[in-house]
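The structure appears below as structure tokens.
The analysis underlying the following values was restricted to heavy atoms, covering all of them including side chains, and did not include hydrogens, waters or symmetry mates.
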Amino acid sequence: EEPAGTVDEDTLALLDDTTRMRRAEIGPLPDDALVWQPAPGAHAIATVLLHMADAEQFWLHEVAGRTPRTPEERRAVLADETDQFGGVWPDPPPATQEALYAILDRTRARSRELIGALDDPEAAFPLGEREVTLRWVLKHVVTHEAYHYGQVALLAHLWHAR
């Protein structure tokens, strides 16, 4: 356990490691693979990647960083069109893998900037009727990213096997 008063650098490093390893595993994909859906209304790689950026922005920028997103930032990641709990995923937008990764990379850079300004991993942030700590938020984002990169890897495999 890290000493009080420091941000959990190991968790941030784990987040970066997950990103690097999963991207290497997925490899390069053509544009049509990014928008391919195994069934109508199903996930597509592009929408999953945008959802990952949306979730990181929500948790690390808005909740922990206390920095609301602009309408343009929300639009870029389809924040208002996606209802993950209701199973509503928008049609995937045409995009390149490089463009999608650039959104995720800008999101991560902003996350590091906002989280780097915090000095207490036990600091609590209001979330509805409860509170969450920075440590909890960071670990939630790590598991969320690992989960969805698994989906992306599976979708890429299914696309290649179709």
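A salt bridge is absent between Asp54 and Arg74: the closest approach of a Lys/Arg side-chain nitrogen to an acidic carboxylate oxygen does not fall below 4.0 angstrom. One finds a salt bridge joining Asp16 and Arg112 here, because a Lys/Arg side-chain nitrogen approaches an Asp/Glu carboxylate oxygen to under 4.0 Å. Using a 4.0 Å cut-off between a side-chain N of Lys or Arg and a carboxylate O of Asp or Glu, Glu145 and Arg108 qualify as a salt bridge.
Below 30°, between 30° and 60°, or above 60°: for His148 and His51 the angle between ring planes is above 60°, a perpendicular geometry.
Side-chain contact between Asp31 and Trp36 is absent, with no heavy atoms from C-beta onward closer than 4.5 Å. Under the 4.5 Å side-chain criterion, counting only non-hydrogen atoms from C-beta, Gln37 is not in contact with Trp89. In this structure, the side chains of Arg69 and Glu62 come closer than 4.5 Å at one or more pairs of heavy atoms. Side-chain contact between Leu60 and Val141: present, with at least one pair of heavy atoms (C-beta onward) separated by less than 4.5 Å. Counting only heavy atoms from C-beta outward, the side chains of Leu49 and Leu104 approach each other to under 4.5 Å. Between Phe125 and Glu131 there is no side-chain heavy-atom pair separated by less than 4.5 Å. By the 4.5 Å heavy-atom criterion applied to side chains, Leu78 and Pro93 are counted as neighbours.
Between Thr133 and Glu122, the shortest heavy-atom contact is CG2-O, 3.7 Å. Closest of all the heavy-atom pairs between Ala124 and Arg66 is O-NH2, 3.5 Å. Ala64 and Leu118 make their closest contact through O-CD1, 3.7 Å (heavy atoms, listed as atom of the first residue, atom of the second, distance). When all heavy atoms of Val35 and Pro94 are compared, the pair lying nearest together is CG1-CA, 4.1 Å. Considering every non-hydrogen atom in both Val63 and Pro126, the closest pair reads CG1-O, 4.5 Å. For the residue pair Ala156 and Ile45, the shortest heavy atom distance occurs at N-CD1, 3.8 Å.
A cation-pi geometry, defined here as NZ or CZ lying under 6.0 Å from the six-membered ring centre and within 45° of its normal, holds between Arg130 and Trp136.
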_Please determine whether salt bridge (Lys or Arg N to Asp or Glu O under 4.0 Å) holds for the pair Asp105 and Arg23, giving the CA-CA distance in whole Å, both sets of side-chain angles, and the decisive distance to 0.1 Å._
CA-CA 12 Å; Asp105 293 343; Arg23 286 184 185 182; 3.0 Å; yes
*Does the pair Trp159 and Leu154 meet the rule for a side-chain contact (heavy atoms from CB on, under 4.5 Å), with working shown?*
CA-CA 9 Å; Trp159 184 83; Leu154 176 60; over 6 Å; no
*Run the side-chain contact (heavy atoms from CB on, under 4.5 Å) check on Ile115 and Leu134 step by step: do they pass?*
CA-CA 9 Å; Ile115 299 308; Leu134 175 58; 3.7 Å; yes
*Could you please spell out the steps behind the side-chain contact (heavy atoms from CB on, under 4.5 Å) verdict for Tyr149 and Glu25?*
CA-CA 10 Å; Tyr149 264 127; Glu25 176 185 349; over 6 Å; no
*Go through the steps for Trp59 and Leu127 under the test side-chain contact (heavy atoms from CB on, under 4.5 Å), then give the verdict.*
CA-CA 10 Å; Trp59 287 106; Leu127 182 65; 3.3 Å; yes
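Legend: residues meeting side-chain contact (heavy atoms from CB on, under 4.5 Å) with Ala95, ordered by chain and number and at least two apart, are Leu100.
Between the side chain of Thr47 and the backbone N or O of His43, no donor-acceptor pair lies under 3.5 Å. Checking side-chain atoms of Gln97 against main-chain N and O of Leu29 turns up a donor-acceptor pair under 3.5 Å. A donor-acceptor contact shorter than 3.5 Å links the side chain of Thr143 to the backbone of His140. Between the side chain of Glu73 and the main chain of Thr70, a donor-acceptor pair closer than 3.5 Å is present. Proximity of a side-chain donor or acceptor of Arg110 to a complementary backbone N or O of Thr107 within less than 3.5 Å is not detected.
In terms of hydrophobic clustering, with Ile, Leu, Val, Met, Phe, Trp and Tyr side chains grouped at heavy-atom distances under 4.5 Å, Leu14 and Leu114 are assigned to different clusters. In the hydrophobic clustering of this structure, Met21 does not group with Tyr147; members are Ile, Leu, Val, Met, Phe, Trp, Tyr whose side-chain heavy atoms approach within less than 4.5 Å, directly or through other members. Hydrophobic clustering (side-chain heavy atoms under 4.5 Å, transitive across Ile, Leu, Val, Met, Phe, Trp, Tyr) keeps Val142 apart from Met52. Side-chain heavy atoms closer than 4.5 Å link hydrophobic residues (I, L, V, M, F, W, Y) into clusters, and following such links, even through other members, never connects Leu15 to Leu50.
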